[in-house]
Amino acid sequence: MEQNTSLRNVAIIAHVDHGKTTLVDALFRQSGVFRADQQVDDRVMDKMDLERERGITIAAKNCAVHWKGVKINIIDTPGHADFGGEVERSLSMATGAILLVDASEGPLPQTRFVLKKTLEAGLPVVVVVNKIDRKDARPEEVLNEVYDLFIDLGANDEQLEFPVLYAIGREGVAMYGLEDERVDLSPLFDTILKHIPGPAHDPAEPFQMLVADLDYSDYLGRLAVGRIMHGTVFAKEALVCMGEDGQPSPLRATKLQVYDGLQLAEVESAGPGDIVVLAGIEDVTIGDTICTREKPRALPRIRVDEPTVAMRFGINTSPLAGREGKIVQSRAIRDRLEKECLRNVAVRLEDTADKDAFLVKGRGEFQMAILIETMRREGFELSVGRPEVILKKDENGKVLEPIEHLYVDCDEYFMGVVTDKLNQRKGRMLNCINNGTGRVRLEFTVPSRGLIGYRDEFLTDTKGTGIMNSYLDGYEEWRGDFPTRFTGSIVADRPGNAVAYALFNLEPRGTLFVEPGDPVYEGMIVGEHNRDNDIDVNATKEKKLTNLRAAGKDENVILTPVKKMTLEHALHFVREDELVEVTPQSIRLRKTELSAQKRYQMAGAKKKG
């Protein structure tokens, strides 16, 4: 095997908010991608609106910089465990990785997840301790924690000899030692060239490329992105695609592009190891191999972890359907979900008994919420059910459920309420670290279903100061049932517009979700009941007028301000018999069965049964 020394393919991996995208900005500036006087937004790689709003990376993206005559392809990866499929396919293109660790927080669950995948792939790692300018930075302790993590994950001696750099990504500086002068990112670039090898290839092998990403262009059609494993490819060359069935299907790439900075540059040929974009290729999926017609040979497919959460997506069947969204048909919803499955290897789609509903499987409820929010912004109207965990059975027929390894960082004062709530959800404490700083670090194993809906409650319990992270630990025996919600729903019993007088009289019953003037319909959930049972109410009731006047009868009604329901909160709130109605302008909660009479009959039949 030979190495292409003029290339480096580097994935930047880290936990959420440890500074990956900001560091890429600094790499761009120093390598000359931007002019000295060019005005550039922060986090230039986060192109999606949702990424900019939330300050997170959702989809992995490629770019390229040049340093000392060597082209460095950089892959910016997401930090959330829910988007782990993006990390797995990104690592198939990389020949090394930069592991970023926050100098204060240290290695967190997602650091562990991405590092585990990197070590399994056998890639060399450069460790960068970032944000050393933080007041609470503890770089030496964090480095020891990183070593412990490498050993815990079974790294070999070669992988344990990783180079270490200290950086402030926001200022664009990196140093070999903490006391070194802070100049620029040259130490990081030089370390990449020295410690991360060029892509290995066999010069005797014909062209082979593993498809690791898909994109779409209105002008060029479907785009296949991947790394050339062996050989050279030419534009408009006759090629074949090896699918999952192993059968070669002929194709011709109409355009060949490579990454240059943030843009794509058209080229006539590309050599081994480079990350290329082939345009005009239809019917290709992630994991396929594109190779020559003379010697069609498939590469090992990209394997990703199994999905752990399933959700029901269906058409909007409420009386208000079609008023706010442009796309309401089940066929259009299905097409959009199939398109998502093509671009996201961690998402699966299945049909249900109901022809207007589909089962979507993924890594977590946050990934599902992002998908729903994206569809909502595209003009879709749909109804979605509560996220449910995917169960398995072992060889003895025992039910197994996904278990999460949970890390909690909170004030000592809140330790009791957090432990109590997780205990109710069948959580088991593994570790408790109290350094005497007023904050404690707790470790639990908790069923995945216990964490659905708990994050909002956790932030309320810790007054917004707690930090909670988790990763999938595997499957264990079913830990038993527990209540998902201790409150009931306040359900409207007739259509109309909500009236202030009616809402004022309902306020003692619980927390309301609607404001005066909002449209309501029979079966729509207008609030959370204080008790554990549901109640049907008239939210459109107006004050009866009389011709008698009395002092104090006409006071102005003052309602408690309503906290607007977010999509994540709505998904966590609904029970098994409830749905979230999602439109481009509104998020409403409703009962699956809208008719109050039918719900009453079903409850009676359930008691008898």
Side-chain angles (χ1 to χ4, degrees), residues 1-14 19-38 40 44-45 61-77 90-91 93-100 118 123-130 132 158 161-177 180-201 203 227-229 232 257-277:
M1 298 284 273
E2 292 182 6
Q3 280 187 356
N4 187 346
T5 53
S6 64
L7 261 178
R8 300 289 187 276
N9 296 333
V10 185
I12 299 188
I13 57 175
K20 297 181 292 296
T21 309
T22 306
L23 184 70
V24 173
D25 283 2
L27 292 171
F28 279 154
R29 284 195 177 88
Q30 188 164 335
S31 62
V33 171
F34 304 135
R35 295 191 319 274
D37 61 342
Q38 189 172 342
V40 184
V44 72
M45 289 290 280
K61 297 172 207 70
N62 300 45
C63 59
V65 297
H66 293 267
W67 185 256
K68 295 182 178 175
V70 176
K71 180 182 178 184
I72 303 171
N73 283 311
I74 299 171
I75 308 151
D76 185 20
T77 63
S90 299
L91 291 175
M93 295 188 273
T95 54
I98 297 172
L99 177 69
L100 274 186
T118 308
L123 302 179
V125 179
V126 174
V127 173
V128 177
V129 181
N130 196 23
I132 59 167
E158 199 176 320
E161 295 296 319
F162 54 81
V164 181
L165 293 165
Y166 301 92
I168 306 171
R170 197 171 49 185
E171 294 177 14
V173 294
M175 300 84 71
Y176 294 110
D180 292 2
E181 189 184 355
R182 298 176 180 180
V183 184
D184 56 19
L185 285 170
S186 301
L188 178 57
F189 277 117
D190 293 337
T191 305
I192 290 171
L193 298 191
K194 183 179 176 185
H195 290 278
I196 291 180
H201 65 99
R227 175 179 138 206
I228 300 174
M229 297 297 181
T232 303
Q257 297 167 299
V258 296
Y259 288 95
D260 186 11
L262 280 165
Q263 309 300 322
L264 286 169
E266 191 173 349
V267 290
E268 286 303 312
S269 65
D274 208 352
I275 295 172
V276 297
V277 181

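Note that the numbering runs from 1 along the sequence shown for the chain.
Two residues are said to be in side-chain contact when any heavy atoms from C-beta on lie closer than 4.5 Å; N73 and V258 fail this criterion. Using a 4.5 Å cut-off on side-chain heavy atoms (C-beta onward), L188 and W67 make no contact. Contact annotation: the side chain of R182 approaches that of I168 to within less than 4.5 Å [non-hydrogen atoms, C-beta and beyond]. You'll find the side chain of P199 stays beyond 4.5 Å of the side chain of P272, heavy atoms only. Looking at heavy atoms from C-beta onward, I98 lies in side-chain contact with I192 at the 4.5 angstrom threshold. Looking only at side-chain heavy atoms (C-beta outward), V70 and S6 stay at 4.5 Å or farther from each other.
In this structure, CG on D184 lies 9.0 Å from CZ on F189, to the nearest 0.5 angstrom. N9 CG to D274 CG: the interatomic distance, rounded to the nearest 0.5 Å, is 7.0 Å. A distance of 13.0 Å separates OG in S186 from CE in M175, rounded to the nearest 0.5 Å. Within the model, atoms CG of L100 and CD1 of I12 stand 6.5 Å from one another, a figure rounded to the nearest 0.5 Å. In this structure, OG1 on T191 lies 10.5 Å from CG on L185, to the nearest 0.5 angstrom.
For A11 against L91, the heavy-atom pair with the smallest separation is CB-CD2, 4.0 Å. Taking all atoms of both residues into account, the shortest heavy-atom contact from N62 to I75 is ND2-CG1, 4.1 Å. Nearest heavy atoms, V276 versus A270: CG1-CB, 3.5 Å. Scanning both residues, V128 and A167, for their nearest heavy atoms gives CG1-CB, 3.6 Å. Closest approach of V125 to F162, counting heavy atoms only: O-CB, 3.3 Å. What you find for T232 and S269 is that their closest heavy atoms are CG2-CB, 4.3 Å.
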Check step by step if side-chain contact (heavy atoms from CB on, under 4.5 Å) holds for I72 and V10. CA-CA 7 Å; I72 303 171; V10 185; 4.0 Å; yes

Hey, mind stepping through R227 and T95 against side-chain contact (heavy atoms from CB on, under 4.5 Å) and telling me if it holds? CA-CA 10 Å; R227 175 179 138 206; T95 54; 3.9 Å; yes

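Counting only distance, with no hydrogens or angles, the side chain of R8 and the backbone of I196 share a donor-acceptor pair below 3.5 Å. With hydrogens and angles ignored, the 3.5 Å screen pairs no side-chain donor or acceptor of T22 with any backbone N or O of G169. Judged purely by atom type and a 3.5 angstrom limit, D180 uses its side chain to pair as donor or acceptor with the backbone of G177.
Using a cutoff of 4.0 Å between basic side-chain nitrogens and carboxylate oxygens, D260 and K71 are not scored as salt-bridged.
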